Amino acid sequence: MSFDVAAVRALFPLLAQANGDAPLHYLDNGATSQIPQTVLDAVLSYETTSRANVLRGVHRLAEAATAAYAEARARMARFLNVDADEVIFTSGTTAAINLVAYAYGDLLKAGDEVVISLLEHHSNIVPWQLLRDRRGIVLKVLPVTDDGRLDLSTLDKIVTKRCRLIAVAHASNVTGAVSDVAAIVAAARAVGAKVLLDGAQRAPHGPIDVRALAVDFYALSGHKMFAPNGVGALWGRRALLDEMPPFLGGGEMIRTVTIERTIYADVPHKFEAGTPPIGQAIGLGTAAEWALGLDWPAISAHEMRLAQRLLDGLGRRIDTRILGPSGLQRRIPVVSFAVNGAHPHDVCQLLDTRGVALRGGHHCAQPLMDRFDLPGTVRASLALYNDDSDIDALLEGLDDAVRRLG
Amino acid sequence: MSFDVAAVRALFPLLAQANGDAPLHYLDNGATSQIPQTVLDAVLSYETTSRANVLRGVHRLAEAATAAYAEARARMARFLNVDADEVIFTSGTTAAINLVAYAYGDLLKAGDEVVISLLEHHSNIVPWQLLRDRRGIVLKVLPVTDDGRLDLSTLDKIVTKRCRLIAVAHASNVTGAVSDVAAIVAAARAVGAKVLLDGAQRAPHGPIDVRALAVDFYALSGHKMFAPNGVGALWGRRALLDEMPPFLGGGEMIRTVTIERTIYADVPHKFEAGTPPIGQAIGLGTAAEWALGLDWPAISAHEMRLAQRLLDGLGRRIDTRILGPSGLQRRIPVVSFAVNGAHPHDVCQLLDTRGVALRGGHHCAQPLMDRFDLPGTVRASLALYNDDSDIDALLEGLDDAVRRLG
Amino acid sequence: MSDDIYQQAILDHAKAAEDGGSVETPDASVTLDNPLCGDRVRIDVKMSGARIAALAHRVRGCALCQAAADVIRVRAVGQTVDGIAATAAELRAMLKDERLPPAGAWSDLGIFLPVRRHRSRHDCVLLPFAALGSALQQARASRG
Amino acid sequence: MSDDIYQQAILDHAKAAEDGGSVETPDASVTLDNPLCGDRVRIDVKMSGARIAALAHRVRGCALCQAAADVIRVRAVGQTVDGIAATAAELRAMLKDERLPPAGAWSDLGIFLPVRRHRSRHDCVLLPFAALGSALQQARASRG
Ligand SMILES: Cc1ncc(COP(=O)(O)O)c(C=O)c1O
Ligand SMILES: Cc1ncc(COP(=O)(O)O)c(C=O)c1O
């Protein structure tokens with residue numbers, strides 16, 4: 001194996017501190033990933049050597065902060081293979097999707113259609129419901145197959161001429177399924193609709209060629225891709241961003257303000273009202289740059305080997321049902337399952353006593369849970385620093401938990 | 001003096017690192033303050049010992065993160081003397097005011113009036129212009145006196161029965177004037193209007209008894225009060241927050257989601273869609289707690305003594321005009337001035353060569369600049385860690401700059 | 001260690017909760033969800049004056065939620081509306097404010113003491129009491 | 001040291017900018033603002049065919065902005081629209097991409113070399129050129 005997982009673990013202080021007495025098998029990366037020292041160092045360097053506000057100051061701290069912030073945007077753009085001035089820093093995926101729902105939503109009329117899916121995270125459902133209530137758009141929903149993928153068999157029926165946007169997860173935070181973006185883009189193009197991808201779960205698994213995906217918007221969160229909380233990014237096509245009205249009003253997003261009339265700044269500043277999360281964006285840029293330097297084919301092989309080990313272990317249990325694809329094709333290493341007679345929270349609580357950090361519940365995807373008539377699932381979400389011992393601890397702990405709860 | 005400024009400076013790594021070769025006289029605190037080690041430590045402790053998402057996890061990192069996040073809210077509430085469940089974490093003052101403009105704004109009808117003032121920061125102007133364009137409210141503007149204070153002489157005329165909200169700065173980021181909140185609240189109460197205070201500039205100067213101010217909303221930013229970027233707080237009265245519809249949609253702000261219909265969580269969660277800025281909120285809570293432990297009467301005396309030293313020094317110059325109150329009554333230690341024949345940016349640039357960090361420009365308050373027919377001012381904004389040497393370096397540097405530019 | 005939550009007493013009650021009983025022609029029936037975990041509890045009550053005459057539940061939830069519902073099934077009949085409210089308050093205080101468990105008939109709520117340290121699970125225990133409280137209010141309201 | 005920006009040459013041009021001249025019956029007049037600092041430049045031009053026949057400016061701005069406007073006043077008359085566009089591009093490249101200053105008539109733009117290291121001031125130098133560019137476009141458009 002060309003990928004040295006122990007060396008990677010050593011870069012993450014929280015993982016490095018876990019020891020024999022208090023082992024940690026962190027398998028809740030889908031909720032929040034851990035953060036490497038190099039990202040913390042970048043944030044600390046800002047805080048202790050160039051902390052200042054950006055864009056308007058001429059003193060040396062402000063110049064340094066402004067340059068670092070611009071560099072962070074450039075790095076994020078390289079991570080997504082897009083132009084830097086199409087990258088908007090937000091406070092996270094949720095804020096990014098809401099920005100589109102408000103600002104692109106403002107271009108829609110009653111009767112226009114937005115298509116989401118049944119496997120979306122609430123962050124990609126509720127903003128569209130609010131838009132529906134605000135503007136009378138029609139919200140349509142792609143179904144989900146029995147193995148937890150987008151069901152595209154009726155795509156052509158659901159995506160009509162009235163469709164203005166298809167907004168779906170690039171990868172599901174519950175089933176781990178990666179969406180067939182090409183088919184979705186083709187359907188959208190056929191009717192002149194735009195496509196937004198919620199990339200929150202895809203971003204921790206390596207750089208994304210957004211240009212090749214040929215979508216119109218891409219949203220992600222820093223805290224899931226080894227960067228600080230409180231920052232995320234929205235990429236949008238320049239022409240669309242230019243056309244959209246601003247969303248939040250405030251400093252930094254204006255050209256001139258009089259009480260009567262305000263002229264807005266150019267993209268991306270038009271959508272970055274107020275002091276941005278400077279230190280956090282610098283951290284996100286550093287995380288993006290760090291990720292760009294890694295050997296992703298090797299990491300993917302590693303992640304997929306672990307996912308297979310987990311799927312195999314779960315597959316041997318007759319009381320356990322996997323919610324999602326059973327194989328490794330078009331998936332990220334996120335695995336959800338339900339155990340007969342053992343509630344997800346009880347399973348997670350008992351696993352925690354062995355240092356295995358999982359998530360139990362609806363994973364902010366209640367419509368998907370309803371689709372499968374489940375109150376929730378147990379989810380193991382892997383990152384590059386997980387290893388065999390994490391999977392084995394989960395499987396052993398599960399045996400024990402089921403015995404105790406049974 | 002009971003206040004030991006050298007001891008306080010030592011708590012701030014960026015200030016402690018400045019030395020004889022590269023002295024730093026940081027007088028741009030109104031833009032962003034510096035951050036003490038104790039706040040950095042709190043953030044780092046989260047990142048390296050309990051980094052996890054909040055609210056929904058049962059594993060020990062999630063329990064620790066959730067508890068720390070709740071404690072941060074409780075601390076912020078103590079800083080403002082309000083109930084913790086009325087404190088909403090936002091990404092900053094701008095986001096907080098926009099939240100009110102969208103969610104409280106949703107309760108307004110065409111023809112309802114919102115009153116702001118001519119000295120507001122763009123963050124407290126543009127959101128209301130956007131609301132005006134969205135809902136047809138009427139935006140009215142309190143004038144400003146020649147010494148840069150809110151001119152309340154026509155308050156009763158401007159605040160009519162149609163007024164639903166008065167939104168003004170608690171303290172001006174340009175003139176340093178502290179608003180006469182009691183008069184504003186009385187005028188609002190007389191017609192049943194609400195009051196929002198933009199506390200961004202007031203917060204760095206000590207805990208605020210919001211209950212005693214008797215306002216309805218209070219907004220502030222972490223990065224100006226010795227905490228990280230990317231976080232701020234909005235306080236609102238419970239009954240109002242309950243009545244307001246949600247603003248952003250996403251995870252954490254819901255009770256149940258179906259595609260047809262979503263039921264929202266209780267306040268404050270209703271207004272905290274998505275993963276919050278957890279580490280940053282913990283930092284803000286720590287900064288609030290740190291501030292609660294300081295001797296503010298002594299600090300105010302120190303800050304005001306420095307402000308007086310600065311006002312005196314500037315007052316001796318015949319080419320310099322102060323934009324704002326000339327005395328120390330009802331002001332924060334923020335001093336703006338214009339120098340005949342020397343553009344603010346040139347002054348700031350030349351002062352930077354002596355390590356004096358100032359801000360020159362319109363300070364995101366263009367309507368105020370227009371009121372005084374100025375392209376901008378030079379602003380010195382002080383914090384508790386400034387000392388005589390900072391003021392003297394400014395005054396000497398100004399002499400020299402004017403000589404060179406003259 | 002957090003597995004001290006799963007003492008035999010709790011597991012026994014949880015198992016017993018599989019049969020939540022039934023009430024014919026209940027005076028009130030309330031279903032409550034826990035938004036964070038998807039747990040769902042339904043409580044049916046029949047009153048006799050101010051006292052609970054019969055009670056049944058359906059739980060789709062974790063062992064803690066099931067166990068709390070089962071304790072209710074065992075103990076609630078014959079209690080008054082005010083008595084239930086007081087007990088719910090005592091249970092909350094036991095979890096959140098380090099108070100002692102209720103004395104008397106409800107002393108078996110002491111089995112939930114280890115849950116104290118697990119904030120995220122408090123609501124699992126409290127949900128059935130919240131549903132019961134709502135059901136009692138509904139019953140009172142429907143009598144006018 | 002960043003005060004190397006304020007070389008005598010720049011200060012002299014800035015001083016000279018106090019008198020921006022005047023153009024009677026200009027073919028175009030454009031006012032531009034720098035949103036970040038409140039600087040404002042007005043440029044009036046009169047054309048003679050494709051060439052600038054006369055030019056005046058009004059600057060409310062910093063020394064850099066004034067100096068750039070003054071260099072324009074001194075050098076722009078007789079230039080073509082394309083020539084001005086090329087010079088503006090060269091100036092931008094000098095500031096942003098470490099290119100050499102323009103050669104020939106416009107070589108005095110080299111006085112702005114020290115501004116390179118101060119990103120936040122680039123726009124101060126570029127604003128008068130942006131205003132001039134717009135004025136030339138307007139003049140061309142108005143001729144149809
Ligand atoms: C008075 C005032 N209001 C609002 C703001 C905006 O704060 P932020 O940029 O942190 O959102 C500022 C600071 O820039 C300010 O000084
Ligand atoms: C698929 C998906 N979309 C959106 C989100 C929301 O991200 P955030 O909470 O960081 O805004 C998440 C994570 O919670 C997610 O997994």
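Fair warning: this is a prediction, and the values are worked out from it, not measured in the lab. The sequence lines fix the lettering, A, B, ..., with proteins before strands; numbering per chain opens at 1.
By number of non-hydrogen pairs under 4.5 angstrom with chain B, the leading residue of A:Gly251, A:Gly279, A:Cys348 is A:Gly251. In terms of heavy-atom pairs under 4.5 angstrom with chain B, the leader among A:Thr262, A:Ile35, A:Ile97 is A:Ile35. The candidate with the highest count of non-hydrogen atom pairs below 4.5 Å against chain A, out of B:Pro13, B:Ala62, B:Pro367, is B:Pro367. In terms of heavy-atom pairs under 4.5 Å with chain A, the best-connected choice from B:Pro277, B:Gly92, B:Pro245 is B:Pro277. With chain A as the partner, the residue from B:Leu61, B:Val126, B:Leu118, B:Leu40 showing the most heavy-atom pairs under 4.5 Å is B:Val126. Interface remark: of the candidates B:Ala227, B:Gly232, B:Ala101, B:Ala227 forms the most heavy-atom pairs closer than 4.5 Å to chain A. Residue with the most contacts toward chain B among A:Asn98, A:Asn29, A:Asp28: A:Asn98 (heavy-atom pairs, distance under 4.5 Å). Considering only heavy-atom pairs separated by less than 4.5 Å from chain A, the leading option among B:Cys364, B:Ala95, B:Gly361 is B:Cys364. Between chain B and the residues A:Ala52, A:Ser221, A:Gly250, the largest count of heavy-atom pairs under 4.5 Å involves A:Gly250. Counting heavy-atom pairs under 4.5 Å between each of A:His345, A:His121, A:His223 and chain B puts A:His223 at the top. When the candidates A:Glu260, A:His363, A:Gln37 are compared by the number of heavy-atom contacts under 4.5 Å with chain B, A:Glu260 comes out ahead.
For B:Lys224 (side chain) and B:Ala31 (main-chain N/O), a donor-acceptor pair under 3.5 Å exists by modelled atom type. Between the side chain of B:Thr49 and the main chain of B:Tyr46, no donor-acceptor pair closer than 3.5 Å is present. At distances below 3.5 Å, not a single donor-acceptor pair connects side-chain atoms of A:Gln280 with backbone N or O atoms of B:Gln280.
At a 4.5 Å heavy-atom cutoff, A:Thr93 makes no contact with chain B through either its backbone or its side chain. Looking at A:Leu358, only its backbone comes within 4.5 Å of chain B, counting heavy atoms on both sides. For A:Pro276, the part lying under 4.5 angstrom from a heavy atom of chain B is the backbone only. With a 4.5 angstrom heavy-atom cutoff, A:Leu131 does not touch chain B via any of its atoms. Residue contact with chain B, scored on non-hydrogen atoms closer than 4.5 Å, involves the side chain of A:Leu44 exclusively. If you measure heavy-atom distances from A:Val141 to chain B, the contacts under 4.5 Å come from the side chain alone. In this structure, chain B has no heavy atom under 4.5 Å from any part of A:Met369. Residue A:Arg60 touches chain B through both its backbone and its side chain, counting heavy-atom pairs closer than 4.5 Å. Heavy atoms closer than 4.5 Å to chain B are found in both the backbone and the side chain of A:Ile278. Both the backbone and the side chain of A:Gln34 come within contact range of chain B, with heavy atoms under 4.5 Å apart. Both the backbone and the side chain of A:Ile259 come within contact range of chain B, judged by heavy atoms closer than 4.5 Å. When heavy atoms are compared at a cutoff of 4.5 Å, A:Leu130 approaches chain B solely by way of its side chain, counted from C-beta outward.
Partners of B:His122 according to the ring-ring contact (aromatic ring centres under 6.0 Å, His included) rule, which considers only residues two or more places apart in sequence or in another chain, are B:His362. By the side-chain contact (heavy atoms from CB on, under 4.5 Å) test, B:Lys270 pairs with B:Pro246, B:Tyr264, B:Val267, sequence neighbours left out.
Note on ring orientation: taking the six-membered ring where Trp is involved, the planes of A:His59 and B:Tyr26 are perpendicular (angle over 60°, cut-offs 30° and 60°).
A distance of 6.0 Å separates CD of B:Glu47 from CG of A:Asn229, quoted to the nearest 0.5 Å. How far OG of A:Ser50 is from CG of B:Leu14: 8.0 Å, rounded to the nearest 0.5 Å. A distance of 9.0 Å separates CG of B:Asp370 from OG1 of A:Thr256, quoted to the nearest 0.5 Å.
Two residues are said to be in side-chain contact when any heavy atoms from C-beta on lie closer than 4.5 Å; B:Arg359 and B:Val378 fail this criterion. With contacts defined as side-chain heavy-atom distances shorter than 4.5 Å, the pair A:Phe226/A:Phe12 qualifies.
The cationic atom of B:Arg134 (NZ for Lys, CZ for Arg) lies less than 6.0 Å from the six-membered ring centre of B:Tyr102 and within 45° of the ring axis.
In this structure, B:Phe89 has its ring center no closer than 6.0 Å to that of B:Phe271.
B:Ser117 and B:Glu120 share a donor-acceptor pair across their side chains, judged by distance under 3.5 Å alone.
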